[in-house]
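Throughout, protein chains are lettered first and strands after them, A, B, ... in sequence-line order, and every chain is numbered starting at 1.
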There are 2 protein chains.
Amino acid sequence: MQATIGTGATGWEADDRNRSIGELAEEFGLTHRTIRHYEDEGLLSPTRDGQTRVYSHRDRARLVLICRGKRLGFSLAEIKEFLNLYDTGDAQIEQMRYAQSLARQRIEALERQLQDVQQTLKELRHFDIQISEHLRRNGTTETQPMEEKLS
Amino acid sequence: MQATIGTGATGWEADDRNRSIGELAEEFGLTHRTIRHYEDEGLLSPTRDGQTRVYSHRDRARLVLICRGKRLGFSLAEIKEFLNLYDTGDAQIEQMRYAQSLARQRIEALERQLQDVQQTLKELRHFDIQISEHLRRNGTTETQPMEEKLS
DNA sequence: CCCTTGGTTGACGTTTACGTAAAGGTAAGG
DNA sequence: CCTTACCTTTACGTAAACGTCAACCAAGGG
């Protein structure tokens with residue numbers, strides 16, 4: 001079966017060549033240290049050219065998921081588990097069942113998170129509008145240098 | 001003006017009484033330590049009865065937002081800034097402008113997060129379906145104790 | 001040959017978000 | 001009076017996720 005992952009339908013996923021740690025760091029706005037840390041934690045496993053790390057397209061795809069996971073507030077351990085879901089590859093039936101159950105747990109967690117985000121967005125937009133209205137009622141449409149207050 | 005916050009339209013926001021730290025901890029599934037920590041960090045400021053903390057309805061509402069912020073992966077510092085948005089109360093025009101700009105930054109961040117969540121959900125659901133189909137093709141609809149494999 | 005650029009491995013430091021004792025105050029109940 | 005339950009402060013401990021040296025190798029340019 002081989003479930004494919006990430007970077008689909010983004011349009012420009014060409015440029016399939018291998019990267020050095022520096023290039024990857026540059027591209028993702030991370031430090032070398034951070035990327036090596038992800039390797040220490042088992043989230044990445046680049047090949048080596050001598051002792052130099054070589055990051056394949058697959059490593060890069062994983063890094064995309066790692067960064068997204070981070071933005072969503074997941075711990076590296078959780079992200080690792082998440083990544084392991086995908087590279088299960090062709091596996092035993094039981095392993096696939098297990099992976100599926102993990103995936104479903106993740107889905108449920110993300111659905112809750114979706115609710116949280118939407119709720120917070122709703123409140124913040126309401127807040128924004130309240131302020132805008134307040135400011136409009138009190139004049140001062142744009143930041144003005146001097147304005148007499150009706151005291 | 002006074003922007004109201006949280007627990008609106010939840011239906012049952014009655015039970016307006018004050019709570020002890022123990023009750024709050026119980027209700028939110030937190031430890032005493034955690035709640036006091038939030039106070040140390042300036043996220044809560046309960047009144048005191050003697051030296052015992054007394055949590056008002058407002059404190060409880062803030063705690064709702066704190067927990068949600070945590071689920072969304074925000075740091076306590078960020079959540080504090082967020083809370084300060086709301087209790088600006090009646091403020092100077094300039095302060096309100098500032099609060100509004102902060103709110104809008106938050107909104108943008110949350111919109112990005114929303115994209116992340118939706119993208120991840122999409123991928124996970126796709127993954128889930130792929131596994132389901134794979135399992136269906138290979139029989140074993142339910143976890144079976146014994147089944148001969150067509151080798 | 002030396003220097004710069006870019007890679008490497010330790011290994012200790014730091015921040016965040018609490019956990020976990022230690023030691024004690026207070027009010028209710030037996 | 002003693003215990004129990006619930007609260008308090010002070011303070012050190014810890015796990016996660018890196019930051020920050022230090023010391024090193026290697027390839028290429030001047």
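- Taking the centre of each ring, Tyr86(B) and Phe127(A) come in below the 6.0 Å mark.
- The CD atom of Glu78(B) sits 14 Å away from the C1' atom of dA17(C) (whole-angstrom rounding).
- Rounded to an integer number of Å, the gap from CD of Glu26(B) to C1' of dC6(D) is 14 Å.
- For Thr34(B), the side-chain contact (heavy atoms from CB on, under 4.5 Å) partners at least two apart in sequence or on another chain are Leu30(B), Thr31(B), Tyr38(B).
- Remark: Thr52(B) is not in phosphate contact with dT26(C), judged by side-chain N or O atoms under 4.0 Å from OP1 or OP2.
- Salt-bridge formation is not detected for the pair Glu78(B)/Lys70(B): no Lys NZ or Arg NE/NH1/NH2 atom is positioned less than 4.0 Å from an Asp or Glu carboxylate oxygen.
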Treat primed atoms plus P, OP1 and OP2 as sugar-phosphate and everything else as base, then score nucleotides 12-22 of chain D 5' to 3': B for base contact with protein heavy atoms under 4.0 Å, S for sugar-phosphate contact only, - for none.
-----BBBB--
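- In this structure, the side chains of Arg68(A) and Glu123(B) come closer than 4.5 Å at one or more pairs of heavy atoms.
- Remark: C1' of dG6(C) and CD1 of Ile21(A) are 10 Å apart, rounded to the nearest angstrom.
- Note: Leu63(B) CG to Ile35(B) CD1 = 5.5 Å, rounded to the nearest 0.5 Å.
- Phe74(A) carries Arg106(A) over the face of its six-membered ring, with the cationic atom under 6.0 Å from the centre and within 45° of the normal.
- Atom CG of Leu24(A) is separated from atom P of dT8(C) by 11 Å (rounded to the nearest Å).
- Asp49(A) places its CG atom 17 Å from the P atom of dG6(C), with the value rounded to the nearest Å.
- Straight-line distance from the CZ atom of Arg36(B) to the P atom of dA17(C): 18 Å, rounded to whole Å.
- Contact annotation: His32(A) side-chain N/O to dT8(C) OP1/OP2 distance is not under 4.0 Å.
- Following rounding to the nearest Å, Arg19(A) (CZ) and dG7(C) (P) show an atom-to-atom distance of 14 Å.
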